[in-house]
Structure formats: structure tokens, C-alpha cells
Amino acid sequence: QVQLVESGGGLVQAGGSLRLSCAASGKIFTINYMAWYRQAPGLQRELVASITSGGSTNYADSVKGRFTISRANAENTVYLQMSSLKPEDTAVYHCNARVTTTFIETGDYWGQGTQVTVSS
């Protein structure tokens with residue numbers, strides 16, 4: 001019913017920047033919440049940043065001051081601007097959205113993930 005497609009990952013040197021994008025499409029009535037999670041090999045998936053429909057944001061302590069989450073509500077898109085990247089930011093980044101569909105059902109949806117690799 002709802003698809004999330006991420007883009008923008010890649011390989012970057014420490015100190016560099018990347019911008020991730022996630023576009024939602026399908027039977028969307030409203031998107032209540034969008035977020036970025038990441039999962040490094042051998043570790044649990046962790047919340048990186050989230051943003052509500054009203055624009056309230058939340059960040060993991062490890063990325064505060066370096067990452068910025070934003071969204072374009074009209075395009076059902078969320079962005080993650082990542083700066084001052086560190087090798088420990090290396091992970092697969094997944095987009096998450098809590099969506100109410102046109103069938104008035106609310107659920108969590110996930111993108112397939114995009115790899116971010118930061119070299120030292």
C-alpha cells in the first residue's frame with residue numbers, strides 16, 4: 001500500500017557530507033511521523049533522527065549538531081543531511097514512516113535501506 005524509497009548513500013571520507021532522501025508513495029492519506037534509523041554490522045538498529053508532521057525533531061546524542069532531518073510534506077519526502085561524518089556513522093540507513101492510508105489504517109513502513117560508508 002505504501003512504498004518508501006531511499007537514495008543518496010555512498011562512500012565518503014571522514015569529515016565529509018552526504019544527503020539522504022526518502023520518498024513515500026502509494027495509498028497515503030497522511031504521514032504522521034518520519035524517521036531515519038541505521039544498523040551497523042553486528043549491532044541493533046538504532047534511531048538516528050525523527051520528525052513529526054508539525055516539524056518537531058529528535059536526534060540521537062551521537063549525531064546532534066552534525067545531522068539535520070527535514071521533510072517536504074507536499075512531496076511526502078524526508079531528508080537527512082549528514083555532515084562531519086565519522087567512520088562510526090558507517091551503517092545501512094533505513095527510512096521509516098508512520099502512515100495513515102486512504103483506507104484509514106495506520107501502520108509503520110520501512111524502506112529497503114541505503115549504505116553509508118565513511119572511510120578514515
Side-chain angles (χ1 to χ4, degrees):
Q1 296 179 353
V2 176
Q3 298 80 40
L4 302 181
V5 178
E6 300 109 333
S7 61
L11 173 64
V12 65
Q13 288 188 331
S17 298
L18 282 175
R19 188 192 195 209
L20 305 183
S21 300
C22 171
S25 62
K27 304 294 185 182
I28 297 170
F29 178 69
T30 187
I31 300 179
N32 309 299
Y33 165 99
M34 300 188 84
W36 288 96
Y37 285 74
R38 67 186 181 187
Q39 187 166 21
L43 299 179
Q44 289 188 327
R45 187 173 294 187
E46 63 173 352
L47 175 66
V48 176
S50 65
I51 186 167
T52 67
S53 57
S56 295
T57 58
N58 181 52
Y59 295 93
D61 288 343
S62 59
V63 307
K64 282 181 181 177
R66 300 188 298 120
F67 290 10
T68 301
I69 189 170
S70 60
R71 62 187 286 181
N73 289 333
E75 288 78 38
N76 292 329
T77 300
V78 64
Y79 304 97
L80 186 68
Q81 178 66 48
M82 304 184 294
S83 303
S84 302
L85 283 161
K86 304 175 181 180
E88 51 263 44
D89 294 318
T90 296
V92 177
Y93 284 70
H94 294 270
C95 177
N96 166 258
R98 180 159 297 166
V99 178
T100 299
T101 69
T102 53
F103 301 105
I104 314 301
E105 295 173 336
T106 299
D108 282 326
Y109 295 87
W110 293 88
Q112 80 287 351
T114 185
Q115 177 70 46
V116 172
T117 302
V118 184
S119 63
S120 57

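Heavy-atom basis, side chains included; hydrogens, waters and symmetry copies ignored.
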So CD of Q13 and OG of S120: to nearest 0.5 Å the spacing works out to 9.5 Å
Side chains of W36 and C95: closer than 4.5 Å at any heavy-atom pair? yes
Value rounded to 0.5 Å, distance of OG1 in T100 from OH in Y33: 14.5 Å
Test salt bridge (charged side-chain N to carboxylate O under 4.0 Å, His left out) on K64 and D61; report intermediate values, then the result. CA-CA 5 Å; K64 282 181 181 177; D61 288 343; 3.1 Å; yes
How far apart are the closest heavy atoms of C22 and L4, and which atoms are they? SG-CB, 3.9 Å
Distance from M34 atom CE to S70 atom OG, nearest 0.5 Å? 10.5 Å
Y37 side chain near V92 side chain, heavy-atom distance below 4.5 Å: no
Nearest 0.5 Å, what's the OG1-CG distance between T68 and L80? 8.0 Å
What I'd like to find out is whether the side chain of D108 reaches to under 4.5 Å of the side chain of N96, using heavy atoms alone. yes
Least distance between heavy atoms, E46 atom then R38 atom: OE2-NE, 2.7 Å
Restricting to non-hydrogen atoms, name the atom on Y79 and the atom on A72 that form the minimum distance, rounded to 0.1 Å. CE1-CB, 4.2 Å
Between CD on residue Q44 and CD on residue Q39, distance to nearest 0.5 Å: 8.5 Å
Which pairs of donor and acceptor atoms, one on a side chain in residues 47-59, lie under 3.5 Å apart (sequence neighbours left out)?
| unit_1 | atom_1 | unit_2 | atom_2 | d |
| --- | --- | --- | --- | --- |
| T52 | OG1 | G54 | N | 3.3 |
| T52 | OG1 | G55 | N | 3.3 |
| T52 | OG1 | S56 | N | 3.1 |
| Y59 | OH | I69 | N | 2.9 |

Chi angles and distances behind the side chain to side chain contact (heavy atoms under 4.5 Å, CB included) call for I31, Y109: CA-CA 10 Å; I31 300 179; Y109 295 87; over 6 Å; no
With side chains defined as the heavy atoms from C-beta onward, is the minimum distance between D89 and R66 less than 4.5 Å? yes
Donor-acceptor pair, distance only, cut-off 3.5 Å: does the side chain of R98 make one with the backbone of N32? no
Test of understanding: with salt bridge (charged side-chain N to carboxylate O under 4.0 Å, His left out), list the residues that count as partners of R71, not counting sequence neighbours. none
So, does T90 use its side chain to make a donor-acceptor pair with the main chain of V118 at under 3.5 Å? yes
Distance-only donor-acceptor hits, side chain of residues 110-117, under 3.5 Å, sequence neighbours excluded:
| unit_1 | atom_1 | unit_2 | atom_2 | d |
| --- | --- | --- | --- | --- |
| Q112 | NE2 | E6 | OE1 | 3.3 |
| T114 | OG1 | G9 | N | 3.3 |
| Q115 | NE2 | A91 | O | 3.4 |
| Q115 | NE2 | T117 | OG1 | 3.3 |

If you take all heavy atoms of S17 and Q81, which pair is closest and at what distance? CB-NE2, 4.0 Å
